[in-house]
Amino acid sequence: MLGILPRGMRAQVRRVLLPIRELIETEATSGIVLLAATVIALLWANSPWRESYTALRQLPLAVAVGGLELAKPLWVLVNDLLMAIFFFVVGLEIKRELMIGELRGWRRAILPASAATGGVLAPVAVFLLFNVGT
């Protein structure tokens, strides 16, 4: 792609694109993007423009193949399809780490497994604490 640019510009374009490429290839970038999107969504949903956020969530989307059609609001697509893909990928990464990665062997996996178990049980405990007897 850089071949269409004059020689003098190629080095300048590389100098600009190299840090961007390194950022994209960094593993933490996806987490940063996810965190930023979460903050933006929370701010937007709790701002004076919340009606536009709700309207976007309710935006109808349809996919038609032949005589079959699937029409659902955007939030259903996010909840059902994208979250399923997300957890599938996370499951594959965990399996890889347990099989050939940093977590192979039970001694290496015990701390992250305990943290994950606590991450599941702590919200349950908080919920039960506030809702006992109701």
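All figures in this text were calculated on a predicted structure; none of them were measured in a lab.
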Applying a strict under-4.5 Å side-chain criterion to I, L, V, M, F, W and Y, I'd like to know whether [X] and [Y] cluster together.
{"X": "Val78", "Y": "Phe88", "result": "no"}
{"X": "Leu61", "Y": "Leu56", "result": "yes"}
{"X": "Leu59", "Y": "Leu77", "result": "yes"}

message = Using modelled atom types and a 3.5 Å cut-off, is there a donor and acceptor pairing between side-chain atoms of Thr26 and backbone atoms of Ala28?
response =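 No: the side chain of Thr26 does not pair with the backbone of Ala28.
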Specify the closest pair of heavy atoms between [X] and [Y], including all atoms of both residues, with the distance to one decimal.
{"X": "Glu51", "Y": "Pro48", "value": "OE1-O, 3.3 Å"}
{"X": "Leu103", "Y": "Ala109", "value": "O-CB, 3.6 Å"}
{"X": "Arg50", "Y": "Ala45", "value": "CB-O, 3.2 Å"}

key: Residue list, side-chain contact (heavy atoms from CB on, under 4.5 Å) with Leu34, at least two apart or on another chain   = none
task = Return the set of residues passing side-chain contact (heavy atoms from CB on, under 4.5 Å) with Glu22 (not counting sequence neighbours), or none when no residue passes.
result =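 So Glu22 forms a side-chain contact (heavy atoms from CB on, under 4.5 Å) with Leu18.
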query = At what distance, to the nearest 0.5 angstrom, does CG of Asn46 lie from CG of Leu43?
reply =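 Here the rounded value is 8.0 Å.
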request  = First locate atom CG of Leu81, then atom CD1 of Ile85, and finally report the distance between them rounded to the nearest 0.5 Å.
outcome  =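 Here the interatomic distance stands at 4.0 Å.
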task = Mind running side chain to side chain contact (heavy atoms under 4.5 Å, CB included) on Phe86 and Leu82 for me, showing each step along the way?
result = CA-CA 6 Å; Phe86 170 78; Leu82 297 180; over 6 Å; no
task = Report the residues that fulfil salt bridge (Lys or Arg N to Asp or Glu O under 4.0 Å) with Arg15, sequence neighbours left out, ordered by chain and then residue number.
result = none
Sequence neighbours excluded and cut-off under 3.5 Å, please list the side-chain donor-acceptor pairs for residues 117-134, or say none.
unit_1: Thr117; atom_1: OG1; unit_2: Ala113; atom_2: O; d: 2.8
unit_1: Asn131; atom_1: ND2; unit_2: Phe127; atom_2: O; d: 2.8
unit_1: Thr134; atom_1: OG1; unit_2: Asn131; atom_2: O; d: 2.8

Pairwise side-chain hydrogen bond (donor to acceptor under 3.5 Å, both in side chains) hits with a residue in residues 93-112, at least two apart =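 Those involving residues 93-112 do not exist here.
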request  = Quick one: which residue pairs count as a ring pair (Phe, Tyr, Trp, His ring centres under 6.0 Å) with a foot in residues 50-82, not counting sequence neighbours?
outcome  = Trp44-Tyr53
